[in-house]
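What's counted below: heavy atoms across the whole structure, side chains too, no hydrogens, waters or symmetry copies. Naming: A, B, ... by sequence-line order, numbering from 1 per chain.
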2 protein chains.
Amino acid sequence: MRPRLTDVAEAAGVSMKTVSNVVNGAEHVREETRQRVLAAIDKLGYRPNIAARNLAQGRSGVIALAVPQLDRPYFASLAARMLDEAESFGWIVQFHQTGGRREAELALLTERHPARLDGIVMSPLGLTAEDVQNRDPSLPLVLLGEKAGTEHHADHVGIDNREAGKVATEHLLELGRRHVMALAPGPRMDDERINGYRDALAAAGLQTDEDIVLATGGLRGQDAERTLGEWLDSGHPAPDAVFAATDWLAMGAIRALVLRGLRVPQDVAVVGFDDIPYDLATLPTLTTVAPDRVAIARLALQALRDQRPGSDPKRLQAPFSLVVRESTTGIG
Amino acid sequence: MRPRLTDVAEAAGVSMKTVSNVVNGAEHVREETRQRVLAAIDKLGYRPNIAARNLAQGRSGVIALAVPQLDRPYFASLAARMLDEAESFGWIVQFHQTGGRREAELALLTERHPARLDGIVMSPLGLTAEDVQNRDPSLPLVLLGEKAGTEHHADHVGIDNREAGKVATEHLLELGRRHVMALAPGPRMDDERINGYRDALAAAGLQTDEDIVLATGGLRGQDAERTLGEWLDSGHPAPDAVFAATDWLAMGAIRALVLRGLRVPQDVAVVGFDDIPYDLATLPTLTTVAPDRVAIARLALQALRDQRPGSDPKRLQAPFSLVVRESTTGIG
DNA sequence: CTCAGGACTTACAGCGCTGTAATGCAGCGC
DNA sequence: GCGCTGCATTACAGCGCTGTAAGTCCTGAG
């Protein structure tokens, strides 16, 4: 049988509660007592029973992490880091896949969960600002990512997309490219990443040509491949660089370019965004904006832990970096 | 306050235990009583408290899923399906990343977990057969994947790698290729996937040339790129097809080929293995063996649930299919 | 030397649920 | 009409922990 608190208490010659205090790092335990208790814990191999602790505390020790799809590399790598960090917060992470559908996201916020959750970290796609506003305020919520509007009504962790878009575009300009296309899912072309792109052009004294800010109409590589392909096929001159709002779009763009005989990066340099892990196995490997996922995870969990019902939403920013690879500087 | 079992009992005019029986679908409850209880549950919006149930039952409702890295697309997509299936089994899935390190994998099996686990599903890399054999038999364990040896001492779910390797190679042979190279992490060249490759060659009346069964020495794309690159650079004639034991190796191989002016698939057709999700954004998209991940997840969880200490290890096989894409049949 | 007050420790109830044993109550055979 | 059987239901202890209130012991000021 697994040792319990009482067993340790008996072995150490103290009360159950004192052992509990030691385990939970409470103050007001004499050093000598603590040592005796720790020795007993060690000797018996005691580990606390989480179910009992949660029952007594009225919490579950479980938080939910909701992403559109776990098998999308961006979310997988984010989830991986979230997992690492949650461990040090003492949380078990329950994963959910929403498919980006509003009803699935909403269900998580409103539904009574079989296991009461201590909080939710969600990367929303379908959720509206009202949905977030009308949620149960007793269930801590932290939002990730870039779904405009929602972030005003709950704690939010992200990176400075505008600045990142600017840095990515500046990299292209520094390589001497002057005819830089932007590719985003759109049609909402007010995306912050694209605004950063505009900032960079403006700062370089160039005028933004809104005709080469293309909306792909979707997030998949194929969407970018089709959009850019049609654009090229209709006789437009090829750009000498492409800034894509996500890595998938960048990869799709590279397909469209290469299939038409253009060389990347010699003819067209391409920058992506997200740094999804593909193990440097694509050709060419992708220059991209890499969000600091460890920081995102840590900030999100801290915010979740420290959230109090009724307090004002916090907006937190994690750092990012530009990772330069073959798609802008070439091979070798 | 959240309604409890007693609240429902009071509302329905029965005992707490009867409500419990209804909730848990027990027999011996009169239909009329059941209806009354269900109405009360519905009216109060009752949901069971998992922490309390687990405490009373001595289980935790949590299983662990351990994979080397969650941000590797293969494991991410497997984890995604595992999550879907676990829901219908009433399990919360606790994810773990082992990095493929034996000590991390072993720790999961031997360590006392803060939350007692109801079972572990693990994709082992470092674990030895002895480690598996000497584990705590009271903790149900199901192994996934292809770490030879371990599967004899615990329930195991996989696909028929040999048959799959054969099917993949046959596809290359059917395209008229005759000089088919095999690429595997090695140096253990008894890999079942490669044996399937040998089977296919033998069935076609071709002799296996063990000189073109190359060991990459690692799982990453770079490993395959370097291995194949060096082989080509040292003057060997290029094969007209490559069967790679994983998609990453296939992608690395494609890099090595294309960077040397060979066209895929015109000069060299390439088949991978695993069907990791890259959204059809690579160029060319990869022909590959796609394991049925839903089946794998379901079989694994069923096995976990039905496992009894001391019973003989079961070996379960999930189906697979060959997905034909550009890397063998070309573009368009 | 006394006593207030802080440091440390303990006893005990109770978190919400389930398992077990016990009880109630028909219907049945004799 | 009695005991028996088996279904339906109940009472209650207890899962292992933590919060609270109530101690006990010691120190230093008066």
Engineer: Whether S20(A) contacts dT18(D) is assessed here as follows: a side-chain N or O lying under 4.0 Å from the phosphate OP1 or OP2. Is that the case?
Structural biologist: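 Yes, within the criterion.
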Engineer: Is any side-chain N or O of T33(A) closer than 4.0 Å to OP1 or OP2 of dC8(C)?
Structural biologist: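 Looking at the OP1 and OP2 atoms of dC8(C), neither is under 4.0 Å from any side-chain N or O of T33(A).
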Engineer: Rounded to the nearest angstrom, tell me the gap between atom CG in L5(B) and atom C1' in dC15(C).
Structural biologist: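 It works out to 13 Å between those atoms.
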Engineer: Taking only side-chain nitrogens and oxygens of T18(A), does any of them come within less than 4.0 Å of OP1 or OP2 of dT10(C)?
Structural biologist: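 Yes, such a contact exists.
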Engineer: Treating N54(B) as the side-chain partner and A51(B) as the backbone partner, does any N or O pair qualify as donor plus acceptor under 3.5 Å?
Structural biologist: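 No, N54(B) side chain to A51(B) backbone: no donor-acceptor pair under 3.5 Å.
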Engineer: Expressed in angstrom and rounded to an integer, what is the separation of K17(B) atom NZ from dA11(D) atom P?
Structural biologist: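 Taking atom P of dA11(D) as the reference, NZ of K17(B) is at 13 Å.
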Engineer: Check whether the side chains of T128(A) and D131(A) place a donor and an acceptor atom closer than 3.5 Å, and report yes or no.
Structural biologist: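 Distance-only check passes for T128(A) and D131(A).
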Engineer: If you look at every strand shown and take non-hydrogen atoms under 4.0 Å, does N24(A) touch a base, only sugar-phosphate, or nothing?
Structural biologist: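 Sugar-phosphate, no base atom in range.
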Engineer: Nearest-Å distance, CZ (R36(A)) to P (dT9(C))?
Structural biologist: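 Distance, rounded to whole Å: 8 Å.
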Engineer: Nearest heavy atom decides the nucleotide; on that basis, is Q57(B) or V14(B) closer to the 5' end of DNA chain D?
Structural biologist: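 This one resolves to V14(B).
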Engineer: For dA8(D) and R30(B) - does any side-chain N or O of the residue sit under 4.0 Å from the phosphate oxygens OP1/OP2?
Structural biologist: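 Checking dA8(D) against R30(B), no side-chain N or O comes under 4.0 Å of OP1 or OP2.
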Engineer: Base, sugar-phosphate alone, or nothing: which one does T6(A) contact when heavy atoms must sit under 4.0 Å apart?
Structural biologist: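 The answer is nothing, as T6(A) stays clear of every strand by at least 4.0 Å.
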Engineer: Within a 6.0 Å radius of atom CD on Q302(B), are there more than 12 heavy atoms belonging to other residues, nucleotides or ligands?
Structural biologist: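 Enclosed: over 12 neighbouring heavy atoms sit under 6.0 Å from CD of Q302(B).
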Engineer: Using whole Å, report how far CD of E31(A) lies from C1' of dT9(C).
Structural biologist: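 In whole Å, dT9(C) C1' and E31(A) CD are 16 Å from each other.
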Engineer: Using side-chain heavy atoms (C-beta onward) and a distance below 4.5 Å, is Y46(B) in contact with L5(B)?
Structural biologist: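 Of all side-chain heavy-atom pairs linking L5(B) with Y46(B), at least one is under 4.5 Å.
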Engineer: Please pick, from dC17(D), dG16(C), dA11(D), the nucleotide with the shortest atom-to-atom distance to any side-chain atom of N49(A).
Structural biologist: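 Minimum distance to the N49(A) side chain belongs to dC17(D).
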Engineer: Could you state the atom-to-atom distance from CD1 of I50(B) to C1' of dT18(C) in whole Å?
Structural biologist: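 Rounded to the whole Å, the gap is 13 Å.
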Engineer: Is the backbone of A295(B) close enough, under 3.5 Å, to the side chain of R298(B) for a donor and an acceptor to pair up by distance?
Structural biologist: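 A pair under 3.5 Å: no.
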Engineer: Using whole Å, what does the distance between atom P of nucleotide dG16(C) and atom CG of D7(B) come to?
Structural biologist: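 After rounding, the reported distance stands at 9 Å.
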Engineer: Using atom CZ of R4(A) as one end and atom P of dT18(D) as the other, report the distance to the nearest whole Å.
Structural biologist: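 These atoms are roughly 14 Å apart.
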Engineer: Give a yes/no on whether any side-chain N or O of N21(B) is located under 4.0 angstrom from OP1 or OP2 of dT9(D).
Structural biologist: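 False: N21(B) side-chain N/O out of range (4.0 Å or more) of dT9(D) OP1/OP2.
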Engineer: Closest-nucleotide mapping onto DNA chain C: is V29(A) or M16(A) further toward the 5' terminus? I mean the 5' end.
Structural biologist: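 By nearest-heavy-atom nucleotide position, the 5'-most residue is V29(A).
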Engineer: Between R53(A) (CZ) and dG16(C) (P), how many Å, whole number?
Structural biologist: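 Going from CZ in R53(A) over to P in dG16(C) covers 18 Å.
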